[in-house]
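Residue numbers run from 1 in the order of the sequence given. What you see is a predicted model, and the numbers here were worked out from it, not measured in a lab.
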Amino acid sequence: MTESESAPGQAGAVGAIAREVEEFVASGGWGQPPQLFALVPTADLLAQQPELADQLDPESTLTPVAQDSLPDDDLAEALARIAWPEAVHGCALAQEIIVLPPDAEDELPDVDEATGVSPSDVERLKQAAAGHPRRTEARLVAAVLRDGPAACVMRLRGIRTQPEDDSEPTEEIVEHPELAPNLVDALRATLLP
């Protein structure tokens, strides 16, 4: 099989893993810290720990394995310190974020990017986004393979189909490989030799 023939299969597999991770994290509810998962070959995991046979799908090529909690400091810095062994074929990260409509950017505090974005600038932007009247809470999952595609899944919380709708807000799932290009790049960097 050539690389181009395996790419669609890999894209489908990493998409399925991103959805699986999101569903697992969603089962714990909202208000969770970022969670990191190693993507390891299911066959290798079963060979090392046969007692997991009842808990794993032997048909799945890869299995997400939850890792220890990430440090409470900056997520980008925490990811920059991670290096996976060769046995890990990919990784996934789930995190809760605030999503604003594109036109809301003009309503956020100004930041002088020429002098660099300081930690206090980041904090001001986070507070402004969290307090914005048109914000939407979301859970974002990005999954990447060492030598393959990436997938992103986002669960939007409390969506109303019409702004004046009185019905209960619903959750919406959005899936696209380029929802979070910076996060995908940061996860790919953890897989470099």
Side-chain angles (χ1 to χ4, degrees), residues 14-40 55 62-82 84 88 90-105 107-109 111 117-144 150-190:
V14 76
I17 288 169
R19 289 187 298 277
E20 180 182 345
V21 166
E22 198 289 319
E23 290 169 6
F24 172 78
V25 175
S27 70
W30 292 90
Q32 298 182 55
Q35 296 177 47
L36 186 64
F37 297 81
L39 306 180
V40 297
Q55 300 170 34
L62 296 171
T63 296
V65 178
Q67 301 300 295
D68 291 336
S69 297
L70 291 166
D72 289 334
D73 61 354
D74 183 78
L75 182 59
E77 287 179 20
L79 290 176
R81 293 189 299 264
I82 294 173
W84 297 103
V88 173
C91 59
L93 180 92
Q95 68 172 335
E96 292 183 12
I97 61 172
I98 300 290
V99 179
L100 294 175
D103 63 335
E105 186 175 323
E107 301 167 29
L108 295 176
V111 174
V117 179
S118 71
S120 64
D121 289 335
V122 171
E123 192 56 38
R124 282 186 316 124
L125 289 171
K126 283 182 182 178
Q127 289 175 0
H132 197 280
R134 295 188 295 151
R135 76 186 177 282
T136 301
E137 294 175 355
R139 179 179 302 109
L140 174 66
V141 175
V144 299
C152 295
V153 174
M154 185 165 47
R155 180 182 298 263
L156 299 164
R157 181 180 187 187
I159 301 297
R160 294 189 186 276
T161 53
Q162 300 295 323
E164 53 283 331
D165 188 354
D166 288 337
S167 66
E168 281 293 312
T170 61
E171 293 184 352
E172 179 182 340
I173 303 288
V174 178
E175 186 172 345
H176 193 279
E178 295 184 26
L179 280 175
N182 292 341
L183 179 56
V184 166
D185 289 346
L187 291 174
R188 280 197 195 286
T190 68

request  = Measure the spacing between SG of C91 and CG of L62 and express it to the nearest 0.5 Å.
outcome  = 11.5 Å
ask   = In this structure, which one of V65, L70, V21 forms a side chain to side chain contact (heavy atoms under 4.5 Å, CB included) with L36?
value = L70
Check whether [X] reaches the backbone of [Y] with its side chain - one donor and one acceptor, N or O, closer than 3.5 Å.
{"X": "R157", "Y": "R139", "value": "no"}
{"X": "Q32", "Y": "V25", "value": "yes"}
{"X": "E96", "Y": "G31", "value": "yes"}

request  = Only counting residues at least two apart or in another chain, list the ones meeting salt bridge (charged side-chain N to carboxylate O under 4.0 Å, His left out) with R188.
outcome  =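 Partners of R188 under the salt bridge (charged side-chain N to carboxylate O under 4.0 Å, His left out) test: none.
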task = Could you pull out all residues at least two apart from E175 that satisfy salt bridge (charged side-chain N to carboxylate O under 4.0 Å, His left out)?
result =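 R19.
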ask   = Which residues satisfy the side chain to side chain contact (heavy atoms under 4.5 Å, CB included) test with A142, sequence neighbours excluded?
value =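 With neighbours one apart ignored, the set is C152, L183, V184, L187.
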Minimum heavy-atom distance [X]-[Y], with the two atoms named:
{"X": "L75", "Y": "P34", "value": "CD1-CB, 4.3 Å"}
{"X": "I17", "Y": "L39", "value": "CG2-CD2, 3.5 Å"}
{"X": "L79", "Y": "T190", "value": "O-CG2, 3.3 Å"}
{"X": "W84", "Y": "A38", "value": "CZ3-CB, 3.5 Å"}

Got [X] and [Y] here, is their nearest side-chain heavy-atom distance under 4.5 Å?
{"X": "F24", "Y": "P64", "result": "no"}
{"X": "Q67", "Y": "I82", "result": "no"}
{"X": "E137", "Y": "I98", "result": "yes"}

